[in-house]
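Nothing here was measured: the structure is a model prediction, and the numbers come from that model. Lettering of chains follows the sequences in order, A, B, ..., and the numbering in each one begins at 1. No hydrogens, no waters, no symmetry mates; every other heavy atom, side chains included, goes into these values.
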Number of protein chains: 2
Amino acid sequence: MGTTQPDTVTELKYWHLKGVISEALESEFSVGEILPNERELAARFGVARATLRQALDQLELEGRLQRRRGVGTTVAPPRVGVPVGSPRQMWPGEDDDGWEAVDAVVAAPPAAVARMLGTDAAEPVHRVHRSRSRNGQPVAAELIYVPGVSAPGFSRGDAATGAVRARAVLHELYRLPLEGQDRTVELGSARAEDARELDRLPGAPVLVVTTRYVSGGRTAAVAVSTYRADTCRLTLDADTAVLAS
Amino acid sequence: MGTTQPDTVTELKYWHLKGVISEALESEFSVGEILPNERELAARFGVARATLRQALDQLELEGRLQRRRGVGTTVAPPRVGVPVGSPRQMWPGEDDDGWEAVDAVVAAPPAAVARMLGTDAAEPVHRVHRSRSRNGQPVAAELIYVPGVSAPGFSRGDAATGAVRARAVLHELYRLPLEGQDRTVELGSARAEDARELDRLPGAPVLVVTTRYVSGGRTAAVAVSTYRADTCRLTLDADTAVLAS
DNA sequence: GAGTGGTCTAGACCACGCA
DNA sequence: GCGTGGTCTAGACCACTCT
């Protein structure tokens, strides 16, 4: 037993490959440049295509690569920073945040949301849909759940549709005193609808930001924002505003 | 061209599978329960094992499953909420946050960190290593980069080692006025060392929180925290303290 | 139609945890 | 030693985008 050999632990092929390609990206390629196709890369490195893809998967997850079916694999630009922490407590859309209202419907919320709202899971609520772009690319989709009690002035049968209706529902919120809000961030995978909107495949990794708005001692609304994890870096600039002044 | 058929879009096998298993998890299994092994599940659903694994990969990414080599696949408990936003601006470890100091060494920081610090990429700095647990399980690893100028009272040759040395470096920071801090959250994959510490495989998805501490108009320190994305939900309770009072 | 990335298969072998 | 999940292979076919 004397020979406690260092034990090189046989580096995994895809792990090694990832490192090699990662270095090549920095030294031999520039942003936007297109890589050789997967079949050729696999042949060049002497591995099966599935193994090569395992390495590319990770690099794409880290935002280093961008793959588009029918086109090819390109070197991704650095992640875009997306401000997420409102410097001051505000209702969604009250001060012109980066979001664009799309539409609003009445629907039953997911169980997790109903739990936060304290409503019955089968009880329909307003669901406001907003989207967010950056540099012309969609980066996030959002669904805001607003119980009827939080929008007493809005009649469900209101004929308005689309963005007009969405803004009308949100405007009802502004009449309530916003007493607090809290947020969570977690990893998720894009539902089919999100994927379409974010120009990704279903199941693509996303950062899910859940915001709970508190008014009158209860949860007045819940916003679930879904950010593309490959292209986004969420920035939470807290009170740097204090410093900037 | 007349027949604009609804076009069912042939649901992908692994996507469909994920839905089926997802429902089964809610209705037929309880937390901690062990699933049939992958070979049997694949056979039961009539797909190749690789396809079955693609579905399980996603469920694990979403924190619904937990897989351990040599053991099996179990139903994961709900994600644990980990507070990340310090209610008040403080240096790392100044008020007893959830972190435990491990050790400190002198090393060259990654290029991205050096850029934030405004130091030369080759210039070595203090690197303080901390770790964080929750319910007995490691959930995060952290590296805090402290340039020499931010810890003038600490001699690099200090004989102290381990946690003692780590705390000594951090204590130097507390003498500086903390003027602000900002954070970013993004998706990453665990480096080999992180993976070991977090009890995961290399490349496992992690949430990377980067905190920049500002003092004297410059970046005094940078902390890079790596959270297990499968088991953690980051909570950013902003000023709910105001509400609670 | 040609070329790309995405899905799927049916096998083999490896690394690990446990009895 | 056995059973588990993790890696890897060498193919096939599909869906998409461009020309």
Side-chain angles (χ1 to χ4, degrees), chain A residues 5 7-19 21 33-61 64-76 189-190 192 195-196 199-205 230, chain B residues 5 7-19 21 33-61 64-76 189-190 192 195-196 199-205 230:
Chain A
Q5 54 180 21
D7 202 357
T8 326
V9 170
T10 67
E11 194 172 33
L12 275 355
K13 273 195 184 177
Y14 79 92
W15 187 255
H16 176 246
L17 214 52
K18 178 191 163 190
I21 298 174
E33 195 169 347
I34 188 166
L35 269 61
N37 72 54
E38 297 184 349
R39 288 160 179 88
E40 180 178 336
L41 280 178
R44 184 179 302 185
F45 290 114
V47 300
R49 191 173 154 223
T51 306
L52 185 268
R53 278 182 61 81
Q54 206 171 345
L56 294 185
D57 283 346
Q58 290 222 0
L59 290 168
E60 189 180 28
L61 190 83
R64 311 275 309 274
L65 290 180
Q66 196 163 350
R67 295 194 278 186
R68 272 171 304 174
R69 169 153 47 177
V71 180
T73 302
T74 55
V75 181
S189 52
R196 234 191 332 275
D199 192 27
R200 297 261 64 195
L201 262 32
D230 56 343
Chain B
Q5 55 180 20
D7 201 357
T8 327
V9 172
T10 65
E11 193 173 34
L12 275 355
K13 273 195 184 176
Y14 79 92
W15 188 255
H16 176 245
L17 214 53
K18 178 191 164 189
I21 299 174
E33 195 169 348
I34 188 165
L35 270 60
N37 72 54
E38 297 184 349
R39 288 160 180 87
E40 179 176 336
L41 281 178
R44 184 180 304 185
F45 289 114
V47 300
R49 188 172 158 226
T51 304
L52 184 268
R53 278 181 60 80
Q54 206 171 346
L56 294 186
D57 283 346
Q58 289 223 0
L59 290 169
E60 188 181 28
L61 190 83
R64 311 276 308 274
L65 291 179
Q66 195 164 348
R67 297 194 278 186
R68 272 171 305 176
R69 168 152 49 178
V71 180
T73 302
T74 54
V75 181
S189 51
R196 234 190 335 273
D199 194 24
R200 297 262 63 196
L201 262 32
D230 55 343

Given DNA chain D, 5'-ward residue of the pair A:K13 and B:P36, judged by closest heavy atom
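Whichever sits nearer the 5' end wins; that is B:P36.
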Which of residues 64-76 of chain A have a heavy atom under 4.0 Å from DNA chain C?
A:R67, A:R68, A:R69, A:G70, A:V71, A:G72, A:T73
I want to check something: taking the side chain as every heavy atom from C-beta on, are B:T73 and B:L41 in contact at a cut-off of under 4.5 Å?
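They are not in contact (no side-chain heavy atoms under 4.5 Å apart), so the answer is no.
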Is the shortest heavy-atom distance from the side chain of B:L12 to the side chain of B:Q54 under 4.5 Å?
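B:L12 does not reach B:Q54 side chain to side chain.
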Taking all heavy atoms of [X] and all of [Y], pick out the closest pair and write down the distance.
X      : Y      : answer
B:I34  : B:V71  : CD1-O, 4.0 Å
A:G203 : B:Q58  : CA-NE2, 3.4 Å
A:E60  : A:D230 : O-CB, 3.7 Å

Residue [X], side-chain atoms from C-beta onward, closest of [options]:
X     : options              : result
B:R53 : D:dG5, C:dG5, C:dC8  : D:dG5
A:L12 : C:dC8, D:dG6, D:dC8  : D:dC8
A:R39 : C:dT4, C:dT7, C:dA12 : C:dT4
B:A50 : D:dT4, C:dC8, C:dT9  : C:dT9

What's the [atom1]-[atom2] distance between [X] and [N], to the nearest Å?
X      : N      : atom1 : atom2 : answer
B:E11  : C:dT7  : CD    : P     : 13 Å
B:H16  : C:dC8  : NE2   : P     : 12 Å
B:W15  : D:dA15 : CH2   : P     : 17 Å
A:R49  : C:dT4  : CZ    : P     : 10 Å
B:R200 : D:dG6  : CZ    : C1'   : 12 Å
A:Q54  : C:dC8  : CD    : P     : 17 Å
A:E60  : C:dT4  : CD    : C1'   : 14 Å
A:D57  : C:dG5  : CG    : P     : 12 Å

Side-chain N or O of [X] less than 4.0 angstrom from OP1 or OP2 on [N]?
X     : N     : result
A:T51 : D:dT9 : yes
B:Y14 : C:dC8 : no
B:N37 : D:dG3 : no

Select base, sugar-phosphate, or nothing to describe what A:L56 touches, counting heavy atoms under 4.0 Å on all strands.
nothing
B:R64: which residues meet the salt bridge (Lys or Arg N to Asp or Glu O under 4.0 Å) condition with it, sequence neighbours left out?
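Result, salt bridge (Lys or Arg N to Asp or Glu O under 4.0 Å) vs B:R64: B:E26.
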Looking at B:D57 and B:R67, is any side-chain nitrogen of the basic one under 4.0 Å from a carboxylate oxygen of the acidic one?
yes
